[in-house]
There are 2 protein chains.
Amino acid sequence: MSTTVARDETVHEAPSARQQAVLDAVLALLVEEGDQLTMDAVARRASCSKETLYKWFGDRDGLLTATVRWQASRVHAGRDAVGALDAAALRDRLLDFAVTWLDVIAGRTSVVLNRIAIAHAGSRKGNLGAIVLANGRLAIGGRVKPVLEAGRAAGLLAFEDSETAFRTFFGLVGRDVQIRLLLGDALDLDAAEIRRDAARAVDQFLALYGQARP
Amino acid sequence: MSTTVARDETVHEAPSARQQAVLDAVLALLVEEGDQLTMDAVARRASCSKETLYKWFGDRDGLLTATVRWQASRVHAGRDAVGALDAAALRDRLLDFAVTWLDVIAGRTSVVLNRIAIAHAGSRKGNLGAIVLANGRLAIGGRVKPVLEAGRAAGLLAFEDSETAFRTFFGLVGRDVQIRLLLGDALDLDAAEIRRDAARAVDQFLALYGQARP
DNA sequence: GCCGCCGCGTACCGTACGGTACGGTACTGG
DNA sequence: CCAGTACCGTACCGTACGGTACGCGGCGGC
């Protein structure tokens with residue numbers, strides 16, 4: 001058997017430059033046109049043939065998945081490494097996370113991608129929702145929790161479970177912003193308001209979980 | 001002119017019993033089948049003709065809108081009336097809101113309807129998102145804020161803006177629950193866990209905004 | 001220069017689904 | 001008993017869109 005090799009060329013890792021351009025076209029289309037994204041429109045916008053799209057991405061879902069992954073890969077950029085913390089450094093770290101997170105979820109791209117993933121999660125077989133979850137809520141949690149634990153180790157914070165503490169932080173930062181945006185509420189946050197909201201959230205979190213150094 | 005009367009029979013208020021049955025069928029289908037809801041399936045499930053569906057609800061969007069309104073109308077049931085509050089009564093009221101809210105957003109029906117509304121908000125012309133927002137986040141806000149203000153009047157709470165205070169409450173209660181469910185995370189909360197989470201949220205809120213009676 | 005190969009453009013196919021038309025049945029008022 | 005109305009069931013239409021097939025131009029290898 002194996003008369004033809006039939007190599008699987010669908011994108012699983014590291015899209016080529018041309019493929020990235022296609023994925024950027026998808027993002028642009030998504031942001032501009034809402035979610036009635038057709039393969040024809042993508043091909044036209046990216047100046048490529050539908051056949052190529054199917055060759056590279058398998059099917060529509062594959063294209064969407066690759067797009068979500070592609071977008072996720074650019075958001076991650078972040079220097080971490082938790083060293084010893086004093087109160088001011090802890091506050092700065094948390095503030096940084098809060099601002100970054102609000103920036104992301106308030107962005108058009110995030111809103112649109114989350115809409116897609118949510119719709120997808122509704123019609124089963126959707127790992128899209130899982131992917132967005134893994135790169136959004138779960139990723140930020142994975143990065144914040146070590147900071148919280150370092151804060152506890154330094155005697156600056158008091159909590160039993162870092163997951164629970166993080167979820168409180170998440171709630172204080174996000175509040176109703178994401179659901180309102182997803183449902184189409186206008187609510188445009190400028191940078192100044194994001195900074196204010198983030199600072200308020202961090203202050204509240206520290207009020208709940210902080211403790212004076214013993 | 002006006003040779004034919006062409007009365008607009010589309011449902012705007014108070015669906016009849018038969019229409020309610022249709023809307024319940026829609027909800028059932030939505031919960032069972034995810035969101036690939038076809039007019040054919042509705043007609044079959046509700047044992048009515050598609051023609052009747054179109055006569056009653058205008059088009060698919062009209063049917064969806066009526067369904068969302070219908071569901072919203074049953075959730076509202078709530079005795080309010082804010083009298084004088086002591087600390088325990090305030091806490092009870094807030095706890096009640098928190099439990100009710102978590103119950104709602106954790107329900108399959110709410111998740112599915114929010115998915116529909118969010119998808120709809122993505123492809124413009126969608127007042128569906130606005131309707132869900134008005135009957136969800138905004139409605140609960142409208143009912144909680146008077147309680148907060150009564151608490152402040154009684155010297156139990158301290159805040160400047162009740163909207164801001166409410167949004168903090170909202171964040172503490174909801175945290176990441178809604179977005180996770182919308183994205184398809186399993187995360188099933190039983191009644192006991194909801195009560196625990198609600199109580200924790202209320203305690204945290206009171207820790208932030210409460211003050212001992214002067 | 002000639003030959004594959006890659007990928008663009010375009011035409012095409014199949015189907016699912018929104019929306020309409022129509023015949024048949026039951027009920028109501030006159 | 002007849003006319004009108006309401007509504008069920010089903011057949012039907014149009015179209016949008018996912019997916020495929022094919023012809024053509026450009027480019028690297030021999």
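Here is the naming used below: chain letters follow the sequence lines, and residue numbers restart at 1 for every chain.
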Expressed as a whole number of angstroms, how long is the span from [X]:[atom1] to [N]:[atom2]?
X	N	atom1	atom2	result
Phe57(A)	dG7(C)	CZ	P	11 Å
Arg60(A)	dA16(C)	CZ	P	17 Å
His120(A)	dG18(D)	NE2	P	13 Å
Glu33(B)	dC17(C)	CD	P	12 Å
Met39(B)	dC8(D)	CE	P	13 Å
Lys55(B)	dC8(D)	NZ	C1'	12 Å
Tyr54(B)	dA11(D)	OH	P	17 Å

Closest approach of [X] to [Y] (non-hydrogen atoms, all atoms of both residues):
X	Y	value
Trp56(A)	Val22(A)	CZ3-CG2, 3.8 Å
Leu181(A)	Ile105(A)	CD1-O, 3.5 Å
Gly151(A)	Leu85(A)	N-CD1, 3.9 Å

- prompt: Looking across every strand, which nucleic acid part, if any, lies under 4.0 Å from Asp40(B) by heavy atom: base, sugar-phosphate, or nothing?
  reply: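 It contacts nothing in the nucleic acid.
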task: Would you mind classifying the nucleic acid contact of Leu37(B) as base, sugar-phosphate or nothing, using non-hydrogen atoms under 4.0 angstrom?
output: sugar-phosphate
query: Nearest to the side chain of Arg18(A) - dC7(D), dC8(C), dG18(D)?
result: dC8(C)
Taking OP1 and OP2 of [N], is either one under 4.0 Å from a side-chain nitrogen or oxygen of [X]?
X	N	value
Arg44(B)	dC17(C)	no
Trp56(B)	dC7(D)	yes
Ser47(A)	dC8(C)	no

- prompt: Got Ser123(B) and Glu33(A) here, is their nearest side-chain heavy-atom distance under 4.5 Å?
  reply: no
Whichever of Ser49(A) and Thr38(A) has its nearest DNA chain D nucleotide further upstream toward 5':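 In this pair, the answer is Thr38(A).
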field: Pairwise 5' ranking along DNA chain C for Lys50(A) and Leu53(A), keeping only the more 5' one
entry: Leu53(A)
query: Counting only distance, no hydrogens or angles, is the base of dC7(D) paired donor-acceptor with the side chain of Glu51(B) under 3.5 Å?
result: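 Answer no: no donor N or O sits under 3.5 Å from an acceptor.
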task: Determine the interplanar angle of the Tyr209(B) and Phe159(B) rings, folded into 0 to 90°, and report it as parallel if under 30°, tilted if 30 to 60°, perpendicular if over 60°.
output: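 The rings of Tyr209(B) and Phe159(B) stand perpendicular, inter-plane angle above 60°.
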